[in-house]
Amino acid sequence: MGLRLYNTLTRELEDFVPLEIGRVGMYVCGPTVYGPPHLGHGKSYVSFDIIVRWLRYLGYAVAYVQNITDVGHLTDDADSGEDKIAKQAKKEMKHPMAIAEYYTWMFFRDMDRLNCVRPDISPRATGHIPEQIELVQTLVDKGYAYEVNGSVYFDVSKFAGYGKLSGRNVEEMQAGARVEVNSEKHSPADFALWKKAEANHVMQWNSPWGKGYPGWHLECSVMSMKYLGKTIDIHGGGIENQFPHHECEIAQSEAANGVQFVKYWLHHNMMTVNGQKMGKSLGNFITLDQVFTGQHTALSRAYDPLAVRQLILNSHYRMTMDFSDAALAAAQSGYDRIAEAVQALRNKIVSAPTGAADKSVLAELDAAKAKFEDAMNDDFNTAIAVSVLFEMVKITNRLLENPKTTAETFKAIDVQFRRLGGDVLGIVPEVYPHAATADNDLLDYLVGQMIQKRAEARRNKDFAASDAIRKDLEARGIVLEDKPGGVTTWRRNK
RNA sequence: GGCGGCGUACCCAAGCGGCCUAAGGGGACGGUUUGCAAAACCGUUAUUCGUCGGUUCAAAUCCGACCGCCGCCUCCA
């Protein structure tokens, strides 16, 4: 079975056929950098990270572009209100570019912690002002846009396909529109390509229409075209951007180029808190950093970034996910369970007897892999994919109890964990941060000394002393576990 | 008002016409193991999928109505 994905444009599950054999151009709408990234960003970019990773697993050479919006757009409606980055800049008494710089850094930091692969290109909107002006000019020249008083608007009535992505038509929208009519526009549905800047607007550029700044929708069209071409395979983003943002991107791009802009539109759904969308505007968001440090009243503890990732993968990307501390705690427990098994497995490879890998285990692994691949090919069903990892955990634990299991058998399982759990899902790291290996040698030695002291106390039936040692270590985040055969292992439990 | 989506066990969540008397995780309870823990293992926890109808040999899955919740139509992941 090949890859099938849900295309928002056609509202159907479609076979994935790239424009060019073996290559995929993928553009994902990035964040506007005026605040710390929150759990919603996590769901968004983990979702697309998985898609990129899966395409690469399938052998495609993927060019992954994800922009950074560092020009503030407007806080209330399309034609008035304040630039959000400028607003934050005033608040922090910094230059808008300093704000963008700082939150861009924070975004990358948190995405790295979530184990998202970096985009191949992270273009900034401010780095593409000439190209944006060029596109506006093209649209004016072709008669799709008009200038009024230093601002340029796209004339929606000139573009027949407007509404094809979101399934709306202009008349219906106007009936219930919440937007105040802007007198400059020919029609309320028209949208700004270029806005005239007032003198006190910090971010502004020269243009054929005077000093101004670009409209929000413009950057994605421009950067997508510049780095991936006039028609791209995949464009991703949040469902809330389906309209107007993506609809406007299509109108601009197709009007200018005369060819289809995007073949497959992929939209992920929102993260909610108590059933309400989590958003910067709503102020109900929990930042990723707060989750990783436990610094939020809604959280009972700090969570592993990869446990957050696992929580996100636990549901389908097109479904809303209601966030709760309990759900995250459950994901953390599940993550720990996989981590325990994988670490035990890797430790065992060293001491297990040599010999050929067990054929029946290899067959089980193949069956698991097939199930995993089918699930991922079915519109990226990560929930099933994660469940396959748990099946592998079961196999692992079963074999760990059998002293005859060979190192080759364990190696085969580890390879599959690395491939599916690591390369694809990104929830099984190459090396666990707190694993008793490598640079933790000294700690391993010291804890080993304590384990010996405790073993001695236990031999003397001095359980008070042995329990004291265990409690003491536990208070410092080190858990001792007595395994069958008189072996005691340790692990960290922050 | 228009457009879209969701409602599955105590919680999260997959399944989208027959292999479903419904994956997987968490939790809870019982058992094995253990000096005690921890971890692991075994077992139990939805004859039922918001409600009511309909289509079908067959429905959680399709259709209709109703109830509840959410998103978009203003910036937003």
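Convention: sequence-line order gives letters A, B, ...; per-chain numbering from 1. All values below were derived from every heavy atom in this structure, side-chain atoms included, with hydrogens, water molecules and symmetry-related copies excluded.
- When the P atom is compared between B:rG54 and B:rA46, the two are found 29 Å apart, to the nearest whole Å.
- Within 6.0 Å of atom CD in A:Glu456, 12 or fewer heavy atoms from other residues, nucleotides or ligands are found, so the atom counts as exposed in its surroundings.
- Using a 30° and 60° split on the angle between ring planes, A:His38 and A:Phe285 fall in the tilted class, from 30° to 60°.
- Residue-to-nucleotide proximity on RNA chain B shows that, of A:Ala331 and A:Arg11, the 5′-proximal contact is made by A:Arg11.
- Between B:rA60 and B:rC20, the distance separating the two P atoms is 13 Å to the nearest Å.
- Each of A:Val388 and A:Tyr6 has a nearest nucleotide on RNA chain B; the 5'-most of these lies closest to A:Tyr6.
- Atom CD of A:Glu249 is separated from atom C1' of B:rA77 by 14 Å (rounded to the nearest Å).
- Taking the C1' atoms as reference points, B:rG35 lies 22 Å from B:rG30, given to the whole Å.
- Nucleic acid contact for A:Pro37: none, since no nucleic acid atom lies under 4.0 Å from a heavy atom of the residue.
- Of the candidates B:rA77, B:rA14, B:rG24, B:rG24 carries the atom nearest the A:Ser387 side chain, counting heavy atoms from C-beta on.
- Side chain of A:Asp120 to main chain of A:Tyr64: a donor-acceptor pair is present (N/O by atom type, distance under 3.5 Å, no hydrogens or angles).
- In this structure, A:Phe48 has its ring center under 6.0 Å from that of A:His268.
- Taking atom C1' on both nucleotides, B:rU45 is separated from B:rG4 by 37 Å, rounded to a whole Å.
- Taking atom P in both B:rG26 and B:rC41, one finds a spacing of 9 Å when rounded to whole Å.
- Comparing the P positions of B:rC29 and B:rC67 gives an interatomic distance of 41 Å, to the nearest angstrom.
- With rounding to whole Å, A:Arg318 atom CZ is found 15 Å from B:rA13 atom C1'.
- The pairing partner recorded for B:rC62 is B:rG54, the criterion being a Watson-Crick or G-U wobble arrangement whose two distances lie under 3.5 angstrom.
- Separating the OG atom in A:Ser166 from the NE2 atom in A:His267 is a distance of 9.5 Å, to the nearest 0.5 Å.
- You'll find that the side chain of A:Phe390 is closest to B:rG24, out of B:rG24, B:rA77, B:rA23.
- Nucleic acid contact class of A:His316 (heavy atoms, under 4.0 Å, all strands): sugar-phosphate only.
- The partner of B:rG27, taking Watson-Crick or G-U wobble pairs whose two distances both stay under 3.5 Å, is B:rU45.
- Between B:rG15 and B:rG7, the distance separating the two C1' atoms is 15 Å to the nearest Å.
- Contacts of A:Gln276 with the nucleic acid, taken as non-hydrogen atoms under 4.0 Å apart, involve only primed sugar atoms and P, OP1 or OP2.
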Under a 4.0 Å heavy-atom criterion, the protein footprint on nucleotides 28-44 of chain B, written with B, S and -, is -------BBBBSSS---
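- Remark: B:rA38 base-pairs with no nucleotide; criterion is Watson-Crick or G-U wobble with both hydrogen-bond distances under 3.5 Å.
- Among the atoms of the strands shown, only primed sugar atoms or phosphate atoms (P, OP1, OP2) are found under 4.0 Å from some heavy atom of A:Met319.
- Under the Watson-Crick and G-U wobble criteria, each requiring two contacts below 3.5 Å, nucleotide B:rC3 is paired to B:rG71.
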Decide salt bridge (Lys or Arg N to Asp or Glu O under 4.0 Å) for A:Lys87 and A:Asp83; before the verdict, give the C-alpha distance in whole Å, the side-chain angles of both, and the deciding distance to 0.1 Å. CA-CA 6 Å; A:Lys87 189 179 173 187; A:Asp83 172 325; over 6 Å; no
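- Rounded to whole Å, atom P of B:rG25 lies 19 Å from atom OH of A:Tyr303.
- Taking atom CD1 on A:Ile427 and atom P on B:rG25, their separation rounds to 13 Å, with Å as the unit.
- Taking every side-chain heavy atom of A:Thr32 into account, B:rA77 is the closest of B:rA77, B:rA13, B:rC12.
- Rounded to a whole angstrom, the distance from the C1' atom of B:rU8 to that of B:rC69 is 15 Å.
- Checked for salt-bridge contact, A:Arg491 and A:Glu340 meet the test: a charged N lies under 4.0 Å from a carboxylate O.
- Residue A:Glu240 qualifies as enclosed at atom CD: its count of foreign heavy atoms under 6.0 Å is above 12.
- A side-chain N or O of A:Ser300 and one of A:Asp325 form a donor-acceptor pair less than 3.5 Å apart.
- Among B:rG27, B:rG25, B:rG4, the nucleotide with an atom closest to any side-chain atom of A:Ser333 is B:rG27.
- Nucleotide B:rA14 holds its C1' atom 9 Å from the CG atom of A:Asn314, rounded to whole Å.
- Under 4.0 angstrom from either OP1 or OP2 of B:rC72 there lies at least one side-chain N or O belonging to A:Lys277.
- Taking the ring centroids of A:Phe16 and A:Tyr264, they lie under the 6.0 Å cut-off.
- Atom-to-atom, CG of A:Asp322 to P of B:rC69 comes out at 14 Å; the value is rounded to the nearest Å.
- Across the protein-nucleic acid pair, A:Asn269 atom CG and B:rA14 atom P stand 11 Å apart, rounded to whole Å.
- Within the 4.0 angstrom heavy-atom criterion, only backbone atoms of the sugar-phosphate kind lie near A:Gly275; the bases stay farther away.
- A straight line from CE of A:Met278 to P of B:rC72 spans 14 Å, rounded to a whole angstrom.
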